[in-house]
Amino acid sequence: MDNILKGRVFLLGDNVDTDQILPGYAMSFSEDELGRYALAGSELNNFAEKVQPGDFIVAGRNFGCGSSREQAPLALKNAGIAAIVAVSYAMIFRRNAINIGLPVLCGDLVNNIKEGDLVEIAIPGGRIFVPAQDVNYKLEPLSKSAWDTIQAGGLINKVKKILADRGASD
Amino acid sequence: MNLIEKIMANKAGVNTVTAGDEITVTVDLTLSHDVTGPLAISQFDRIGVNRVFDVNKVVFIVDHNIPASTVEARRQHRILEEFCSRTGAQLFNRSEGVIHQVAFEKGLYSEGDIVVGADSHTCTAGALGALAIPVGSTDLAAVIALGSIDLEVPEVDAIIIDGPLAPGLSGKDLVLYLLAKFGTDSFTDRGIIFSGDTIMSLPLDDRLTICNMAIEMGAMTGLIAERESVGKVKRVYNFDAGDIEAMIACPSSPGNVKPVSEMDGTALSQVVVGSCTNGRFSDLKLVAEILKGRKIHKNLNMVIVPASKKIAGQMDDAGITAILRTAGAIIGNPGCGPCFGSHQGLVCENDVVLSTTNRNFPGRMGHKDAHVYLASPRVAAESAVMGCITRPGTVLPLEESSNG
C-alpha cells in the first residue's frame, strides 16, 4: 500500500551539486541549524524562508553531485522537504538521503510541473499526481532495500536490528 | 569477473559476484575527517554500541579546518578528540595533511583492500589498487559499528589510454580530458578501471590525481590496474594520449573542460596550488622550478597549500618553500586549504581563480559569483607569473623542466 504525501514543488535544473545544496562553510553547524542553509548556494533565492514542511523538490539530472557531505540531504530534510523527484542522482547523495530516511525518487518531470504546483507523491510505488492537470505521472518505484531503510526510520535503526540479531545468536 | 568484482567477491567471502548483486563486504579501513566525522560519531552513538569494530582500522584526520577557522570548527575537532580518546580509534590532528594523502603516505591500505571513506575523494586510493568507496556519515557510522558495508556490485567500464603524453602534460590534463569526453554523470553508480601504457608509465603522484577525480565523472569508484588484470568489463573506452593537450575546467563545473589554448589570456586575480588532487611534492617542485627567480604577477595573489606535513618538510629541505615565498606566494599549513570554501584563501564575487583543486561548482571556494578554473600545477604556476591563463611552456620551456 502506497503512502500519499502532499506538498508544493520547488523546481531545480540539472547538476545541482552539494555545494549549492549546503555550502562548505555551513558544514560545521549543528544538525538542527542546517535547515537554515539549505540550498543557500543555489539559484533559488531565500529557499529556507519559503519552504514549508511537506514540500517537494523536482529536479533534473545528477542531483546532489559532488561531495559526500550528508549535511546536504540533512539540510533539505530539516528544512521540511518530504521527498525529491529527479531525473537521476549522484550515488553518494542517493545513499545518504535514503540512510537518513528522505525518499528520493526518479522521474523526468521538470517540463511537466511548475514551481509552486501542489502535487501528491505515492511511495514506494512511484507516482506523482498533479491535481491542477488531473494527470498522474509515473515514477520509478523505490527499491525494496531503500523502502525498508526509510520505513525503519533510517539506516541506524537497521544497524541496531542487525546487532540485536547478532547478540541473540551469540 | 573484472578486478572490481574480484575484490568484492573476495571481501564478501564468495566465489563469484556479478553486477547488480547486493552483497556485504568486510572493510579494511575507514576514513573520516573533521566535517564528516562528527556527524558519523553522533550517528554511531545513536546505534548504542560502545566500541568500534577495530581500533586500528578506524581513522579520523583533522584536515578541513585546521587550525580551526571558526568556533564551530573547533567544536568539531573536540568531538573527534573525545571519540578517539573514548574508543581508541586512530586520530591525526596535528595538521598531518589531507586525509587521502596521509592515508597513502602512512600505508594505511594496500592493493586489494576495501577502503570506505566519508569523503567523496576517497577514490584516490584506487591508484594503489584498493577498492575505495566514498560514503556519507551514516554509512560510515554503520561500518564503524559493523566492520562491513552493504553494496550493490556495480557495472564496470574500462578506460584505456595508450601512447606518449606530450611534454608539459600531467595526470591532471589526462583526467580533465576524460571529463571533457564524459562529463560529470556518465559513470553514475558505475566502477571505472583505468589502464594502458600511458597511465601505467605515469609517476604515482599523477596516478593518484587521476583516481582522485573519478568521482567528478560520477563514478562509485575508480582504480588503476595493469591491462592483463582488468578482466571482463561492460564497456571499454580506448584513447590515444597523443590527442591530449593541456586542459582546463571552466566555470562552474569540472565537466566544462576546454583546451587551455582556448582560454589563453583570461586575466586572473588568484591562483591556488594544493589539495588532495595536486598538492604533492612533484607538483610543488615543478611550481618552484617555474617560479624560481621570478615574481608572481602584481594583479593576483597565489596561495599554495601542501597536501601533507611530510610534503611541507620535503619542500623545506629542497629549498622550495623559500623559492615560493620569494616569488610572492602565500604558503598555508598542510590540509585542504581553500578548496572546499571554508578558509585560507576564499574568493569574492568577480574574482577569477585558477586552481589545481578538483571542483569549481558555484560557491565552492567562496562567493557563488566567483569564476573558478581548474588546471594542472604547471598551468597554474605559469599563469601566476603571467597574470592570466597561460599555455604550458610560455614561462619555462618544456625541455628545461624535470617533470610534468
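Lettering of chains follows the sequences in order, A, B, ..., and the numbering in each one begins at 1.
Highest contact tally toward chain A, considering only Val35(B), Ile47(B), Thr36(B), is held by Ile47(B) [criterion: heavy-atom pairs under 4.5 Å]. Ranked by heavy-atom pairs shorter than 4.5 Å toward chain A, the options Thr188(B), Leu39(B), Asp34(B), Asp119(B) are led by Leu39(B). Per-residue counts of heavy-atom pairs under 4.5 Å with chain A were compared for Asp139(B), Ile215(B), Val135(B); the largest is that of Asp139(B). Considering only heavy-atom pairs separated by less than 4.5 Å from chain B, the leading option among Gln20(A), Arg69(A), Glu70(A) is Glu70(A). With chain A as partner, the option from Gly218(B), Pro362(B), Ala40(B) having the largest number of non-hydrogen pairs under 4.5 angstrom is Pro362(B). Of the listed residues Pro73(A), Ser88(A), Ser67(A), Ala90(A), the one with more heavy-atom pairs under 4.5 angstrom with chain B than any other is Ser67(A).
Under the 30°/60° scheme for interplanar angles, the aromatic rings of Phe83(B) and Phe60(B) are found to stand perpendicular. Tyr89(A) and Phe93(A) have parallel rings, their planes meeting at less than 30° on a 0 to 90° scale where 60° marks the start of perpendicular.
Proximity to chain A is absent for every atom of Val71(B), based on heavy atoms less than 4.5 angstrom apart. Interface remark: Thr138(B) contributes backbone and side-chain atoms alike to the contact with chain A (heavy atom separation under 4.5 Å). Only the side chain of Arg359(B) comes within contact range of chain A, judged by heavy atoms closer than 4.5 Å. Only the backbone of Ser42(A) comes within contact range of chain B, judged by heavy atoms closer than 4.5 Å. Looking at Gln43(B), both its backbone and its side chain come within 4.5 Å of chain A, counting heavy atoms on both sides. The part of Ser42(B) that comes within reach of chain A is its side chain, from C-beta onward, which places non-hydrogen atoms under 4.5 angstrom from that chain. Using a 4.5 Å cut-off between heavy atoms, Ile79(B) makes no contact with chain A at all. The contact between Asn15(A) and chain B is made entirely by side chain atoms (from C-beta outward), counting heavy-atom distances below 4.5 Å. Heavy atoms closer than 4.5 Å to chain B are found in both the backbone and the side chain of Asn99(A). Proximity to chain B (any heavy atom under 4.5 Å) is restricted, for Ala40(A), to the backbone atoms N, CA, C and O.
Residues Thr24(B) and Asp150(B) have side chains that bring a donor and an acceptor to within less than 3.5 angstrom of each other. Side chains of Asn212(B) and His100(B): no donor on one and acceptor on the other come within 3.5 Å.
With Phe56(A) as reference, Leu5(A) is the one residue of Ile84(A), Val85(A), Leu5(A), Asp117(A) to meet the side-chain contact (heavy atoms from CB on, under 4.5 Å) rule.
Separation of atoms CG (Asn360(B)) and NE2 (His371(B)) is listed at 12.0 Å; rounding is to 0.5 Å. Once rounded to the nearest 0.5 Å, the distance linking CD1 of Ile100(A) with CG of Leu155(A) reads 11.5 Å.
Within 6.0 Å of atom CZ in Arg61(A), 12 or fewer heavy atoms from other residues, nucleotides or ligands are found, so the atom counts as exposed in its surroundings. Counting non-hydrogen atoms of other residues, nucleotides and ligands closer than 6.0 Å to CD of Glu115(A) gives a total above 12.
Between the Gln270(B) side chain and the Gly345(B) main chain, a donor and an acceptor come within less than 3.5 Å of each other.
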